Amino acid sequence: MRRYFGRKLLIYGLTFFVAVTINWMIPRFMPGDPVQSMLSRANVAQPAAVEAMRAHYTAMFGFDLPLWQQYLNFWGALLRGDLGISIWLFPTPVSDVIIRAVPYTLGLLIPSILLSWFAGNRFGAFAARRKWLDNTVLPVGYVLTATPYMWLAILLAWALGIVAGVFPVAGAYGFDLQPSLSWGFVGSLAEHWFLPFASLFLVAFGGWAIGMRNMIIYELEADYVNYLRALGAPARLVRRYAFRNAILPQVTGLALQLGVLVAGALVTEIVFSYPGLGHLILQAIQNQDFFLLQGTFLFIVIGVLIANFVIDVAYVLVDPRTRTGMGEAA
Amino acid sequence: MRYEALHFALRNRKLVAGTVVILVFLVAGLAGPLMFDHGPNDYVGPPMAAPSGEFWFGTTTFGQDVFAQFLYGLRATFLVGVLGGVLAAAVGMVVGFVAGYRGGWVDELLTMLTNIVLVLPALVVLLIVNAYLGVRSIGVQALFIGLTSWPWAARAIRAQTFSLRSRDFVDLARLSGVRTPRIILREIAPNMSSYLFLTFILLFGSAILIAASLDFIGLGPTEGVSLGLMLNNAARWSALQLGLWWWFIPPGAGITAIVGALYVMNVGLDEVFNPKLREM
């Protein structure tokens with residue numbers, strides 16, 4: 001088991017290293033000059049002012065140093081928690097901007113991931129090999145997983161928000177409210193939270209239900225199932241055994257799907273102008289705020305790595321074989 | 001054997017339905033744009049017109065023909081899906097075959113690489129890359145999608161190769177002095193060709209979805225149209241608030257139909273290739 005975690009941690013460490021390196025490399029080796037694009041955005045006419053700004057931005061990126069020193073400085077700044085200054089919200093440090101947005105994203109992501117996973121697995125296992133349910137669940141599930149996140153979000157916002165007028169479609173709380181711990185504020189928060197949550201939940205739910213249904217059907221063909229049936233075990237017991245085996249690939253699948261789920265949350269936030277990381281990314285792109293974009297990237301990578309590690313721990317808990325070092329864990 | 005597969009393929013409702021949907025959209029995307037004498041972004045009609053005989057899907061706030069945009073957008077969507085899917089499948093196959101067949105430290109190294117790319121959230125990496133690109137095209141978009149979405153394919157192919165590696169016919173080829181690339185190409189790949197095809201279809205679908213998300217965030221191709229860009233424009237120019245449902249429903253429905261049809265096709269093909277799954 002120590003070997004299992006050691007390997008995983010090595011991979012995550014390397015991934016973090018690669019992510020930071022990508023983050024450092026892209027502005028430097030991509031075609032196009034970030035300093036130039038910032039200058040053109042500032043739209044200054046006087047040549048003297050342009051030169052002063054160019055010098056300022058070049059020093060800010062550290063472009064005047066040798067490459068290896070730029071790279072070490074980049075790591076140094078990162079370890080001090082210094083991600084630069086946001087241009088969009090000048091002069092707030094990027095890390096402050098991000099930390100303000102993170103709770104909203106987590107508040108959407110964690111419930112939608114966990115609930116869709118549990119509900120999807122339960123439902124998929126229930127539907128498997130039940131003719132009538134199977135014939136309805138399967139098509140619906142495929143349509144849901146094939147739906148782009150932003151489109152479902154747009155449809156929900158339009159149908160329930162604008163046409164029916166039941167839910168608000170923008171922001172995280174009413175524009176007339178100040179954040180406080182009152183019932184009115186919490187209610188408004190929940191009201192604004194529901195639609196983005198629902199659209200994330202639905203798309204992910206379809207995928208889990210299909211995956212689980214297929215796994216259960218596969219498991220019901222296995223030898224141990226035939227043996228149990230031959231012994232005359234009740235169908236419920238057989239299903240419960242199949243479920244315990246079928247859940248393992250779904251745990252691994254959760255780790256594999258994390259990137260897609262995060263991406264889904266980002267675009268959903270954009271649809272609802274929900275002030276999380278997705279909204280930050282949109283603003284960063286529209287305002288050419290590269291520091292903010294890169295800081296958000298690192299934050300998301302760290303979050304995904306932590307989540308992966310949590311799933312690894314969970315895997316050990318649900319699969320006894322990894323604990324005794326028998327099975328080769330995925 | 002060929003005929004047997006065809007026999008089951010034509011009788012598989014999922015496969016036939018999925019293929020028909022894909023073909024309809026493909027033909028619409030290829031031939032459809034020919035019936036317009038204006039480009040997808042030209043201002044040709046009255047602004048905000050509802051669907052009518054003249055403009056089948058209505059017009060945008062600026063008077064652009066949504067139906068024309070949709071047909072041109074289908075082209076972009078198929079193109080990015082095919083290019084991204086092919087590239088991802090190619091990288092995944094090379095990495096998977098080599099890692100699975102060679103084993104040893106080559107395998108260790110490639111598996112490490114696969115796992116690292118697997119953990120990195122693809123879309124967020126693509127965001128950073130595309131944000132720094134001044135001019136963005138469908139080709140470059142597909143290139144980067146391909147380079148980031150191959151890992152799970154590589155992992156699956158590696159596992160399959162691993163199980164084929166020690167079969168008798170592979171040993172025989174090795175003993176008779178056949179070179180490694182040839183063994184992989186002639187002995188191993190044909191034995192999992194159906195599997196490779198299924199992998200490609202899934203990569204095709206996911207490339208379309210990733211491209212649509214990128215376009216929606218505003219990092220799509222700088223010129224031209226795609227279904228994702230249509231959604232982006234609709235959201236940016238408040239089609240929702242103005243009630244222009246004909247602007248944002250078709251592009252999303254198009255993507256959903258294409259990707260859903262690919263998934264259903266995938267299940268159907270799986271049943272055709274795998275006799276165990278058939279009778280249901």
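Chain letters run A, B, ... following the sequence lines, proteins first and then strands; every chain starts at 1. Quick caveat, the model's predicted, so the values are computed rather than measured.
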Assess whether side-chain contact (heavy atoms from CB on, under 4.5 Å) is satisfied between Leu254(A) and Ile113(A), documenting all intermediate values. CA-CA 9 Å; Leu254(A) 187 57; Ile113(A) 290 180; 3.7 Å; yes

Under 4.5 Å from a heavy atom of chain B, the part of [X] involved:
| X | result |
| --- | --- |
| Tyr12(A) | side chain |
| Val143(A) | both |
| Leu144(A) | neither |
| Thr145(A) | both |
| Leu155(A) | side chain |
| Leu10(A) | side chain |

One pair to check against ring-ring contact (aromatic ring centres under 6.0 Å, His included): Tyr132(B) and Phe290(A). What are the steps and the verdict? CA-CA 8 Å; Tyr132(B) 275 103; Phe290(A) 292 122; 4.2 Å; yes

Proximal component of [X], with respect to chain A [non-hydrogen, under 4.5 Å]:
| X | answer |
| --- | --- |
| Leu123(B) | side chain |
| Ala257(B) | neither |
| Ala122(B) | neither |
| Val117(B) | neither |
| Leu209(B) | side chain |
| Ile217(B) | both |
| Ile258(B) | neither |

Only heavy atoms, only distances under 4.5 angstrom. Which residues in residues 104-111 of chain B are near chain A?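 Contacts with chain A: Glu108(B).
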
Apply side-chain contact (heavy atoms from CB on, under 4.5 Å) to residues Thr148(B) and Leu120(B) and explain how you reach the verdict. CA-CA 9 Å; Thr148(B) 46; Leu120(B) 277 178; over 6 Å; no

Distance from Ile201(B) atom CD1 to Leu262(B) atom CG, nearest 0.5 Å?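 These two atoms lie 6.5 Å from each other.
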
Please confirm whether the backbone N or O of Asp289(A) pairs with a side-chain atom of Asn287(A), one donor and one acceptor, at under 3.5 Å?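 Answer holds: no.
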
Short question: side chain of Gln69(B), backbone of Val225(B) - any donor-acceptor pair under 3.5 Å?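 A pair under 3.5 Å: no.
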
Does Leu133(A) have any side-chain contact (heavy atoms from CB on, under 4.5 Å) partners at least two apart in sequence or in another chain, and if so, which?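 Checked Leu133(A) against side-chain contact (heavy atoms from CB on, under 4.5 Å); matches are Phe123(A), Phe126(A), Ala127(A), Arg130(A), Thr136(A), Val137(A).
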
Based on non-hydrogen pairs under 4.5 Å, which of Thr256(B), Leu231(B), Val259(B), Val264(B) is most in contact with chain A?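 When all of Thr256(B), Leu231(B), Val259(B), Val264(B) are compared, Thr256(B) has the most.
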
For the candidates Gly260(B), Ser206(B), Ala253(B), Gly218(B), which exhibits the highest count of non-hydrogen atom pairs separated by less than 4.5 Å from chain A?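 Of Gly260(B), Ser206(B), Ala253(B), Gly218(B), Ala253(B) has the most heavy-atom pairs under 4.5 Å with chain A.
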
Is the terminal nitrogen or CZ of Arg158(B) (NZ for Lys, CZ for Arg) located under 6.0 angstrom from the six-membered ring centre of Phe162(B) and within 45° of that ring's axis?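 Checked: cation-pi criterion met.
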
What pairs with Arg75(B) under salt bridge (charged side-chain N to carboxylate O under 4.0 Å, His left out), at least two apart in sequence or on another chain?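 Counting only residues at least two positions away or on another chain, Arg75(B) forms no salt bridge (charged side-chain N to carboxylate O under 4.0 Å, His left out).
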
Side chains of residues 18-26 of chain A: which donor-acceptor pairs under 3.5 Å do they make with residues two or more places apart or in other chains?
residue: Thr21(A); atom: OG1; partner: Phe17(A); partner atom: O; Å: 2.7
residue: Thr21(A); atom: OG1; partner: Tyr71(A); partner atom: OH; Å: 2.8
residue: Asn23(A); atom: OD1; partner: Gln294(A); partner atom: NE2; Å: 2.8
residue: Asn23(A); atom: ND2; partner: Gln294(A); partner atom: O; Å: 3.3

CA sep, side-chain torsions, deciding dist, call: Tyr149(A), Phe216(B), ring-ring contact (aromatic ring centres under 6.0 Å, His included): CA-CA 10 Å; Tyr149(A) 279 93; Phe216(B) 179 72; over 10 Å; no

Just by distance, with hydrogens left out, do Gln141(B) and Asp215(B) show a side-chain donor and acceptor under 3.5 Å apart?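 There is such a pair between these side chains.
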
Is there a side-chain contact (heavy atoms from CB on, under 4.5 Å) between Val304(A) and Phe309(A) once you walk through the steps? CA-CA 9 Å; Val304(A) 168; Phe309(A) 187 69; over 6 Å; no

